[in-house]
Amino acid sequence: SELDNLASKAETVMKAIAGYWAIQALQNFVTNTANAMAEVGKSASFLGITVDALQELQYAAEKSGVSIDALNDALKEIQVRAVDAKSGEGEAAEAFQMLGLKSTDAAGRIREPLELLDAVADRLKALRTQSERIWVADAIFGDEGSTVLSMLKDGAIGLQAMRKEARA
């Protein structure tokens, strides 16, 4: 009887401990999720795109084997290099010229990041060799250029398909 009583008490204590750990795990999950969402919001704001667009691109990146950090760096660099290309001098200007693209719109403003990304993705496909693609990608996306090539290999249509899949 005493052994049954002890077993019952031990079971009650174990249930309480398990409940405590379950609550802690849930709290950690909620905290980590909230922190991740805040980080995506900060990154999207910094990059000048919507949170939804960034999450879609992150999905596309992960699906293509590209890290989130590499994607974020590439999105930052394309904007920096677009400003450089506007001057018409330097490696970025040569890369945009090689693609037959302008980094500015008809009014002379730097094109939106997603518009640039789609245009570059389409034009990269047209280059004759992988060496040219790597050089142009590095000139436009910085050190992560060759990394993001796998994400852009199917051009804007492939990128849009992955973004649509992310939304679904």
Side-chain angles (χ1 to χ4, degrees), residues 29-168:
F29 173 76
V30 169
T31 300
N32 291 340
T33 301
N35 288 341
M37 289 174 69
E39 191 62 36
V40 168
K42 287 178 195 174
S43 294
S45 177
F46 171 75
L47 295 169
I49 61 177
T50 67
V51 170
D52 288 343
L54 181 57
Q55 289 176 322
E56 292 164 7
L57 289 172
Q58 288 176 342
Y59 173 85
E62 286 180 342
K63 187 173 180 175
S64 303
V66 177
S67 75
I68 301 301
D69 288 339
L71 171 69
N72 290 348
D73 287 347
L75 289 171
K76 176 190 68 111
E77 286 296 326
I78 194 172
Q79 294 180 71
V80 169
R81 305 297 170 101
V83 172
D84 290 346
K86 184 179 179 180
S87 71
E89 296 178 13
E91 193 175 72
E94 286 180 52
F96 276 100
Q97 186 176 27
M98 190 173 195
L99 293 176
L101 289 175
K102 290 189 176 189
S103 65
T104 56
D105 61 18
R109 294 182 303 256
I110 299 298
R111 294 166 68 181
E112 293 296 320
L114 296 178
E115 180 187 347
L116 277 172
L117 185 64
D118 283 345
V120 168
D122 277 342
R123 299 293 176 95
L124 279 169
K125 288 184 352 179
L127 294 177
R128 293 177 304 230
T129 66
Q130 183 67 2
S131 296
E132 289 175 325
R133 284 187 282 280
I134 290 170
W135 183 85
V136 168
D138 280 349
I140 291 176
F141 297 109
D143 293 339
E144 299 299 342
S146 57
T147 305
V148 296
L149 277 177
S150 62
M151 188 174 112
L152 305 176
K153 69 180 171 33
D154 294 324
I157 290 174
L159 198 52
Q160 294 301 326
M162 286 189 283
R163 290 183 63 194
K164 183 179 179 182
E165 187 178 314
R167 285 189 297 274

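Contact of the L116 side chain with the L101 side chain is not registered, since no non-hydrogen atoms from C-beta on lie closer than 4.5 Å. At a threshold of 4.5 Å between non-hydrogen side-chain atoms, the residues K76 and L47 count as touching. Under the 4.5 Å side-chain criterion, counting only non-hydrogen atoms from C-beta, K153 is not in contact with L149. Between I49 and L57, some side-chain heavy-atom pair lies under the 4.5 Å cut-off.
In summary, of the residues considered (V120, V148, V80), a side-chain contact (heavy atoms from CB on, under 4.5 Å) with I140 occurs for V120 alone.
Across every non-hydrogen atom of E94 and W135, the tightest pair is CB-CH2, 3.8 Å. The shortest heavy-atom contact between T50 and A53 is OG1-N, 3.0 Å. Residue A82 comes nearest to S103 through the heavy atom pair O-OG, 2.8 Å, listed as atom of the first residue, atom of the second, then distance. In plain terms, the two heavy atoms of L124 and A137 that are nearest each other are CD2-N, 4.4 Å.
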Acceptor/donor pairs from residues 83-90 side chains to any protein atom, 3.5 angstrom cut, sequence neighbours excluded:
{"residue": "K86", "atom": "NZ", "partner": "G108", "partner atom": "O", "Å": "3.1"}
{"residue": "S87", "atom": "OG", "partner": "D84", "partner atom": "O", "Å": "2.7"}
{"residue": "S87", "atom": "OG", "partner": "E89", "partner atom": "N", "Å": "3.4"}

Name every donor-acceptor pair, under 3.5 Å, that has one atom in a side chain of residues 161-168 and the other anywhere in the protein, sequence neighbours excluded.
{"residue": "R163", "atom": "NE", "partner": "E56", "partner atom": "OE1", "Å": "2.8"}
{"residue": "R163", "atom": "NH2", "partner": "E56", "partner atom": "OE1", "Å": "2.8"}
{"residue": "E165", "atom": "OE1", "partner": "K63", "partner atom": "NZ", "Å": "2.7"}
{"residue": "E165", "atom": "OE2", "partner": "Y59", "partner atom": "OH", "Å": "2.3"}
{"residue": "E165", "atom": "OE2", "partner": "K63", "partner atom": "NZ", "Å": "2.8"}
{"residue": "R167", "atom": "NH1", "partner": "E56", "partner atom": "OE1", "Å": "3.0"}
{"residue": "R167", "atom": "NH1", "partner": "E56", "partner atom": "OE2", "Å": "3.2"}

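When the shell of 6.0 Å around CD of Q97 is examined, it contains 12 or fewer heavy atoms from other residues, nucleotides or ligands.
Checked by atom type and distance alone, the side chain of D122 pairs as donor or acceptor with a backbone atom of A156 at under 3.5 Å. Side-chain N or O atoms of R111 include one that pairs as donor or acceptor with a backbone N or O of K102 at under 3.5 Å.
Residue pairs meeting the salt bridge (Lys or Arg N to Asp or Glu O under 4.0 Å) criterion with at least one member in residues 136-147: none, sequence neighbours excluded.
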